[in-house]
Amino acid sequence: MPLAWGIVQMTLHNEPVLWESLLDTLNPQQKEAVLFKENQLLIVAGAGSGKTRVLMVKVVYLIQKDNVQPEHILAVTFTNKAADEMKERLLSLGISINTGTFHALALKILRSHGHYIGLEKNLVVYDEQDQKQLVKNTIDELSSNMAITEKPADAVEWINRKKDDLIEPDSEQSVTNSNLNSVYKYYNEKLSQCNAVDFGDIILKSIKLLKQYPDLRAYYQHKWQHILVDEYQDTNTAQAEFLKLIAGSNKNLTVVGDPDQSIYGWRGANIDNILYFNKTYPEARLFKLERNYRSTSKILSAANSLIENNLERHKKRLWTDNQKGPNVKALRVNTDREEAHLVCDLIEQHYIKGIPYRDMAVFYRMHSLSRVIEDVLLRRGISYCVIGGLPFYQRKEIKNVIAYLRILFNEADLISWKRIINIPARGIGKKSFEKIVDFTISQKIGFLDALRENKNIAGLSKKVRKECSALSDLLSGYKNKFADNENWEQETEQFFDKIGYIPYLEYAETAEKAGLRVNNVRSFFEAVYEYKKNNPIASLEDFLQTVSLRSGIDEWDEQEDKISLMTLHCAKGLEFNLVFLIGLEEGVLPYIRDTEDVSQIEEERRLCYVGMTRAKENLYLLSSKKRFSYANPVYAEQSRFISEIPDLKTQQPSKMKKQKKYYKPVNYDITASDEKFNQQIDEFLPGDYVYHYDLGKGQILGGTGKGKSKKFVILFDGDKTPQTVVASYAGLTKLEQ
DNA sequence: TATCACGGCGGTTCT
DNA sequence: CGCCGTGATA
């Protein structure tokens, strides 16, 4: 994709865009899909088949050949990052169109017109954490009347699925679980009281709005006469309905996707949207892009063989003219440690051959698998970045900052109030908070007013009253400053100074964590400035609503020369020369233990397929006989997916070229559960010389803990400062010296 | 109300 | 293992 796009950019550099020259870069199938315009069309585009390019050229073609006004074109993508990328690429051709995710678009609609259905403009978006909090309150309150056994997290999941599937409370499909139905209904009421929406609501309420107001619908249908949707296989029922409403009966709808890459079923994505596209759009034309430009033929044929094991799929077989390339390699090792070392060995080998780190990636089924790899990469001094994990805006210290800002423009946001009312500790605890909330309800006033009138709230202590007044003064003051001042961004830092937030972080945590958190908060302030610089007329609300829709993959900076570590879900849409798929074991990938559930296994298989098809030239599939899971060893068979690929002989690493430096002919797979080893560990004493498989020879200076958590302080040869290592994890061997 | 210690439990994660 | 929520105690 980048390569092909490079050609396009070269052709167009500093010249008026010529759609003819762009069309010339396309193959016949791609060309056909671009030129077709009588009806809605579905492009089933295999991995690496240049679908992004087709979408781009189509946009250019529409504008230049068909004289479509750019503002009438809308491109919908799966992530913010994809939206930004598309926008930027087109901008480099001098073209500006609307791009965004379903949620970003729908949120804009709600902000502009949500007041028709009772939503104020200053609404906030609740993420899963906020949802859990609100559902917890809901369950607590309902529990006096009914026995609700579901955990808040499960209830949230249930509610989200219902919203994705367009199922309302009290409807036939909701009352099947009467408890959860009640939670659902009451939770929705609470959301409205907070003037908040969750992610499901963003789509759901937009649908309601568009259905209820035909002129509004007509307005958007006119505004977006040409709609292009990427990653259509991952849309849910609600999103498909939303699309149907904004597309109307117009014939200019293009959706692109690949059913074989549908990996979000567990989150409500409805694969039928793409499989039965013509049920909704009977006249739609189907195009298939089956030529792959990304991978070597060996990688492609391995991936093809795998995915052909899925029964619920549209038949298609990707082909390529690319060279054969090196074999796909399946490697089985003894432990996760060994796997990590092997990955690092191979990384170093390929790096020497000229593949930059930025063109390498390690994929895994779940984040927890990254730890061992990270550890080894770190020790070997190979730079890497982990994509995903805990996103910046979900960190506690950042969520608190956001909560403070949120209440300044949406006083009704009780979840945020609850979050910050006692941070830093000011003696206003749970009980006092509830009293204040009750007061706001009985007096029908806002939270800030309630804080100010604390003398009328029964049962508050003198100290609490004092704190309430102080908080009320502080917040009221800044509420005005933020609202009235165009340069509101200049107030943020001072605001948190007044609150005493940084000192709070410094006192509350250990020095190391405190530093990290303070840095994060400072980064947040920088992000505020950055945002304001790029969006000079934006308000604080705009900023907060933007960040509420951002996360994980959006933070990725691909400029730096680092190896990327990420989950398979994160890998969708990306490509790398060298790809490692680790943890290819039964119980890890496929994760599901229930071998009966075909559709779940098939989704796991698609996940594996997505991972494999990210590789351009080199692909390694690694598995380990033993792996640590929450500090317990787990033994697993090699994944069935490996045996589903013919011609793939699993190699033992012993047959591979080793870098002696890192491989010592001892079994460094010594585990905490090994009794003999535990006894051995207890015999290690300060002064003893030991061998550490990574760090080499060293002398024990001291130790703490015992058993599994036994730690040693060791001064390794060549080091100036000693290091602390966890004995059970370090695989130490005693040296006679 | 604040703090600490303990128990339970853990997927993937876009928006 | 490490995080989170809960319950006991000052």
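Quick note on labels: first sequence line is chain A, next is B, and so on, each numbered from 1.
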Atom pair distance, as rounded to whole Å: CD in A:Glu231 and C1' in B:dT15
14 Å

Whole angstroms only, please: what is the NE2-P distance between A:His367 and C:dC3?
15 Å

Measure NZ/A:Lys572 against C1'/B:dT15 and give the value in whole Å, please.
12 Å

Sequence-distant partners of A:Glu168, side-chain hydrogen bond (donor to acceptor under 3.5 Å, both in side chains), two or more places apart
none

When we call it a touch if two heavy atoms are under 4.0 Å apart, what does A:Lys136 touch: a base, just sugar-phosphate, or nothing?
sugar-phosphate

Calculate the interatomic distance between A:Asp84 atom CG and B:dT15 atom P; express it in whole Å.
10 Å

Can you tell me the distance, in whole Å, between the NZ atom of A:Lys151 and the C1' atom of B:dG7?
13 Å

Should A:Ser432 be listed as having a side-chain N or O under 4.0 Å from OP1 or OP2 of B:dT1?
yes

Rounded to whole Å, CD1 of A:Ile421 lies from C1' of B:dT1 at a distance of 14 Å

With sugar-phosphate meaning primed atoms plus P, OP1 and OP2, does A:Glu604 contact a base, only sugar-phosphate, or nothing at under 4.0 Å between heavy atoms?
base

Side-chain donor/acceptor pairs under 3.5 Å, residues 239-246 of chain A, sequence neighbours excluded:
unit_1   : atom_1 : unit_2   : atom_2 : d
A:Gln239 : OE1    : A:Asn236 : N      : 2.9
A:Glu241 : OE2    : A:Lys211 : NZ     : 3.3

With sugar-phosphate meaning primed atoms plus P, OP1 and OP2, does A:Tyr630 contact a base, only sugar-phosphate, or nothing at under 4.0 Å between heavy atoms?
base

Less than 4.0 angstrom between a side-chain N/O of A:Thr567 and OP1 or OP2 of B:dT13, yes or no?
yes

Under 4.0 Å between any heavy atoms, over every strand shown, what does A:Ser548 touch: base, sugar-phosphate, or nothing? Just pick one.
nothing

Looking only at side-chain atoms of A:Leu549, point me to the closest of B:dT12, B:dT15, B:dA2.
B:dT15

Can you figure out which of B:dT15, B:dA2, B:dT13 approaches the side chain of A:Trp266 most closely?
B:dT13

Mind checking whether A:Phe576 and A:Phe363 have parallel, tilted or perpendicular rings, split at 30° and 60°?
perpendicular

Here the distance between atom P of B:dT12 and atom CZ of A:Arg605, to the nearest Å, is 21 Å

Are any of A:Asn632's side-chain N or O atoms less than 4.0 Å away from OP1 or OP2 of C:dC1?
no

Atom-pair distance (NZ on A:Lys396; P on C:dC4), nearest Å
6 Å

A:His103 has a side chain; which of B:dT15, B:dT12, C:dG2 sits nearest to it?
B:dT15

Using side-chain heavy atoms (C-beta onward) and a distance below 4.5 Å, is A:Gln133 in contact with A:Lys418?
yes

Counting side-chain heavy atoms from C-beta on, which of B:dT15, C:dC1, B:dT12 comes nearest to A:Ala631?
C:dC1

Please determine whether side-chain contact (heavy atoms from CB on, under 4.5 Å) holds for the pair A:Arg627 and A:Glu339, giving the CA-CA distance in whole Å, both sets of side-chain angles, and the decisive distance to 0.1 Å.
CA-CA 10 Å; A:Arg627 182 178 297 285; A:Glu339 180 186 61; 3.1 Å; yes

Need one value for A:Asp234: base, sugar-phosphate or nothing, where a base atom within 4.0 Å counts as base even if backbone is also close, heavy atoms only.
nothing

Partner of A:Thr237 by side chain to side chain contact (heavy atoms under 4.5 Å, CB included), out of A:Asp164, A:Asp165, A:Ile167
A:Asp165

Quick one: on DNA chain B, does A:Ile263 or A:Ile202 contact a more 5' nucleotide (nearest heavy atom)?
A:Ile263

